[in-house]
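Residue numbering restarts at 1 for every chain, and letters A, B, ... go by the order of the sequence lines.
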2 protein chains.
Amino acid sequence: MKPTLQAVADAVGVSRSTVSNAYSRPDQLSATLRERILDAARQLGYPGPNPTARSLRRGFVGSIGVLFTSQLSYAFTDPFAVRFLAGVGAAAERHGTSMLLVPLPRAVTDARQAVENAAVDGFCVYCVADEEWALDVIRQRGLPFVSTAARDDASADERFVGIDERAAARSAAAHVAGLGHRRVALLADSVLPDTPAGPLTLAGVDQVPHPTTRGRLSGFADAFAEVGVGWAELTLVNVPGNSRPAAAAAIAGLFDQPAPPTAVLAGSDVLALGVLDALAARPAHDRPTVSVTGFDDVPEAAAAGLTTVRQPAEEKGRIAAELLLDPPADAAAGHVLLPTALVVRGSTGPVPRS
Amino acid sequence: MKPTLQAVADAVGVSRSTVSNAYSRPDQLSATLRERILDAARQLGYPGPNPTARSLRRGFVGSIGVLFTSQLSYAFTDPFAVRFLAGVGAAAERHGTSMLLVPLPRAVTDARQAVENAAVDGFCVYCVADEEWALDVIRQRGLPFVSTAARDDASADERFVGIDERAAARSAAAHVAGLGHRRVALLADSVLPDTPAGPLTLAGVDQVPHPTTRGRLSGFADAFAEVGVGWAELTLVNVPGNSRPAAAAAIAGLFDQPAPPTAVLAGSDVLALGVLDALAARPAHDRPTVSVTGFDDVPEAAAAGLTTVRQPAEEKGRIAAELLLDPPADAAAGHVLLPTALVVRGSTGPVPRS
DNA sequence: GCTAATCTCTGTATCGATTCAGACTGGATC
DNA sequence: GATCCAGTCTGAATCGATACAGAGATTAGC
């Protein structure tokens, strides 16, 4: 059994308080006594104050949680998420705070418990799916949090960092529309929960539950509405999961249809790269010329020559953590909108004449 | 002030124990009473048992620490580290355990404190630099840990997962030696601590403090010793930090020297890619033909056509976490050696005749 | 009908520290 | 010589739960 602080106190013949002070408040006792205590502690093999006990008494933990509403391993697979984490990590480092990555079980009840049991002082919520229940739990616990997806019902004092998803998506779509494309497919991850991969008919974009996805699809639709292409004329394709293979599989059949799309607007670079994969997989003589756009501008996008919308990934993570760890006095400053930019590369071009 | 478990007990008129049981041991009380308690808790806004208090009493935390003996942001920059983390994450997920990423301040005293204060049940130590002090602290705390770098002084019961660095490196070097290269540069991250970038003279490879680096350099040296090229004839190049730009900067001057190396063996893919960057940065007419090898086989390596040594990254992370969370009864099983494979791609070729 | 087993629930001890009001000592101040 | 003060150290209260032995009430077994 490891000795406790009490054991050290007994060994030196001082009170528990004094030993505690030797560790946490050196100015509260004479240097000589402090040395004596530290020596005794070394001799006894006292590992220093127990972090958990300390947290309990102090009322804070010294670590922030990062919540991915999906598999934890996903967080490391998605290049955008990784860069986001890097940003959070940089801020955490600056504040001497640890990051707790909490895996969420599939079952909602278990997932709620996971959030309830996380020993953290606050959460950065990186949203990849519907997260409302998670925010409920966090609020219930009375913990501060920063969200990265704009929600309609967000109260004014909720901290947020993100982009104008709709405007950003619109810029990409306007570029494609400007190139003359009118037969267009929109590709998104988990348009509706538990829906199979492939084309999907939806009365309107407002049916999409996930705010980020809804925002991007709205932006795409906006740009095409402007050139006279209505929502019903756009092909919406669902991908279950944000991965290249999933996107490739979901889109594959589309190009063999009577009037295939001449452009595919994807909700993320990962999906867009999957589309490029699907195209590359076809024999050269049967490979349609399709314009493809992504979203995020992950490192791989540049290498693949993908036209995409850039958003500052690390910055997003860094600011999310900063907002959490060092909340601005002004509530308005707690709502940060980051800039985006359309990055045009080789993956988009004019409609081929055929 | 959030209500405590006691408050709920009072509201319902039962003992604290019973409320506790309602949460943690539903089988210890009648279903009806349990419902009554949970209802009251909801009404009062009780956030559920305080995770810290619970951890203190239970004696464990439910999370494992991942220790990077370097900047935390590095962990997300190095593709190999990211894949390692993904593996740890997958295992953590399986066990319902969280991962705590602990940033380490530069100053050793502060860094020690960070490890002392981490609320975790054990550590996966991903080594990027000398870690001996960290292991000391962990041992002192009496926490279990798994290391990924083989150390000479490791006691038999210490858990470990890694590769035979020396043999793996040797395979790469043997390939290059077989192609006829004799003027060769070895590139490694932080050969000696706090040493400037660039060529470095070292009496022998045993002077390198970091076991992983030492292992790989030894392997390189082994292969060349076999074809009659001694340690002194090899050019050792130090890179401060495992990054492409750093590697490019460190190697840049080398090709303008009288008898430039015809091959560069790098201690990691990231460094090797940096070498390729440095070469690509030169004007075409002044670009020497240099064989380059890496180590790890990160995703980018394939795209760049880099010859490298593959080691299973996620597997390493997964097994590290498994060894920690589910220790094998047999001590020998706690020491896992993963397979490696030489992957020959376009970045290596015969010595050009000039 | 009596003992044993089962089900619920309670009370007390405990996890390992931090906090804060105050006791004590030995100068400095006037 | 009384007062004040700064510097040290102590003790009791507290953070918010869980563990475990055991008290009562029921049910089961024979």
Side-chain angles (χ1 to χ4, degrees), chain A residues 1-38 40-41 44-62 113 116-121 140-143, chain B residues 1-38 40-41 44-62 113 116-121 140-143:
Chain A
M1 209 46 208
K2 281 278 160 193
T4 68
L5 185 144
Q6 177 75 68
V8 179
D10 293 346
V12 184
V14 295
S15 77
R16 201 157 64 235
S17 320
T18 301
V19 179
S20 172
N21 283 334
Y23 282 93
S24 322
R25 302 185 167 184
D27 57 315
Q28 292 295 300
L29 72 175
S30 68
T32 56
L33 178 55
R34 185 173 127 93
E35 266 320 310
R36 230 162 28 98
I37 290 175
L38 263 31
L44 292 176
Y46 173 64
N50 177 311
T52 307
R54 168 178 280 180
S55 298
L56 176 58
R57 184 61 239 239
R58 290 202 173 160
F60 68 88
V61 181
Q113 281 209 10
E116 278 163 357
N117 291 335
V120 296
D121 299 321
Q140 169 94 19
R141 283 188 60 181
L143 291 178
Chain B
M1 209 46 206
K2 281 279 162 192
T4 68
L5 187 144
Q6 178 75 70
V8 179
D10 294 346
V12 183
V14 296
S15 78
R16 203 159 61 235
S17 318
T18 302
V19 179
S20 173
N21 284 333
Y23 282 93
S24 322
R25 301 186 167 183
D27 57 314
Q28 293 295 302
L29 73 175
S30 68
T32 58
L33 178 56
R34 184 173 127 94
E35 266 319 310
R36 240 174 6 112
I37 291 174
L38 263 33
L44 291 175
Y46 174 64
N50 177 312
T52 308
R54 168 178 280 180
S55 298
L56 175 59
R57 183 62 241 239
R58 296 230 246 227
F60 69 88
V61 181
Q113 280 209 11
E116 278 164 356
N117 291 334
V120 296
D121 299 322
Q140 168 96 16
R141 283 189 59 182
L143 291 178

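Rounded to an integer number of Å, the gap from R141(A) CZ to dG16(D) P is 13 Å. In this structure, the CG atom of D27(B) is 9 Å from the P atom of dT8(C), given to the nearest Å. Nucleotide dC15(D) holds its P atom 18 Å from the CG atom of N50(A), rounded to whole Å. When rounded to the nearest whole Å, the span between CG of L56(A) and C1' of dT18(D) equals 12 Å. L5(A) has its CG atom 13 Å from the C1' atom of dT19(C), to the nearest Å. Straight-line distance from the CG atom of N117(B) to the C1' atom of dA17(C): 12 Å, rounded to whole Å. Nucleotide dG16(D) holds its P atom 12 Å from the CZ atom of R16(B), rounded to whole Å. In this structure, CD of Q6(B) is placed 13 Å from C1' of dC15(D), rounded to the nearest angstrom.
Closest to the R58(B) side chain, of the nucleotides dC9(D), dT18(D), dA17(C), is dT18(D). Of all nucleotides listed (dC9(C), dT10(C), dT18(D)), dT10(C) comes nearest to the side chain of V14(B).
Each of N21(B) and R57(B) has a nearest nucleotide on DNA chain C; the 5'-most of these lies closest to N21(B).
Within 4.0 Å (heavy atoms only), T18(A) reaches at least one base atom of the nucleic acid. No contact: R34(B) has no heavy atom under 4.0 Å from any strand. Within 4.0 Å of L29(A), counting heavy atoms only, lie sugar-phosphate atoms of the nucleic acid but no base atom. Note on S55(B): nothing from the nucleic acid sits closer than 4.0 angstrom, heavy atoms only.
Side-chain contact between V8(B) and L44(B): present, with at least one pair of heavy atoms (C-beta onward) separated by less than 4.5 Å.
Shown here for Q140(A) and P47(B), the closest heavy-atom pair between the two residues is O-CB, 3.5 Å.
Residue T4(B) places no side-chain N or O under 4.0 Å from the OP1 or OP2 atom of dG16(D). An OP1 or OP2 oxygen of dG11(C) is reached within less than 4.0 angstrom by no side-chain nitrogen or oxygen of S15(B). For dT18(C), the OP1/OP2 oxygens have no side-chain nitrogen or oxygen of R25(A) closer than 4.0 Å. Here S24(A) reaches the OP1 or OP2 of dT18(C): one of its side-chain N or O atoms lies under 4.0 Å away. Of the side-chain N and O atoms in S30(A), none sit less than 4.0 angstrom from OP1 or OP2 of dG7(D). Contact annotation: Y46(B) side-chain N/O to dA17(D) OP1/OP2 distance is under 4.0 Å.
S17(B) contributes a side-chain N or O that forms a donor-acceptor pair with the base of dA19(D) under 3.5 Å.
Between the side chain of T18(B) and the backbone N or O of V14(B), no donor-acceptor pair lies under 3.5 Å. Put simply, the side chain of R16(A) never gets that close to the backbone of L5(A): no donor and acceptor are under 3.5 Å apart.
In summary, the side chains of R54(B) and S24(B) do present a donor paired with an acceptor at a separation below 3.5 Å, with no hydrogens or angles considered.
Between R34(A) and the options T32(A), L38(A), I37(A), a side-chain contact (heavy atoms from CB on, under 4.5 Å) holds for only L38(A).
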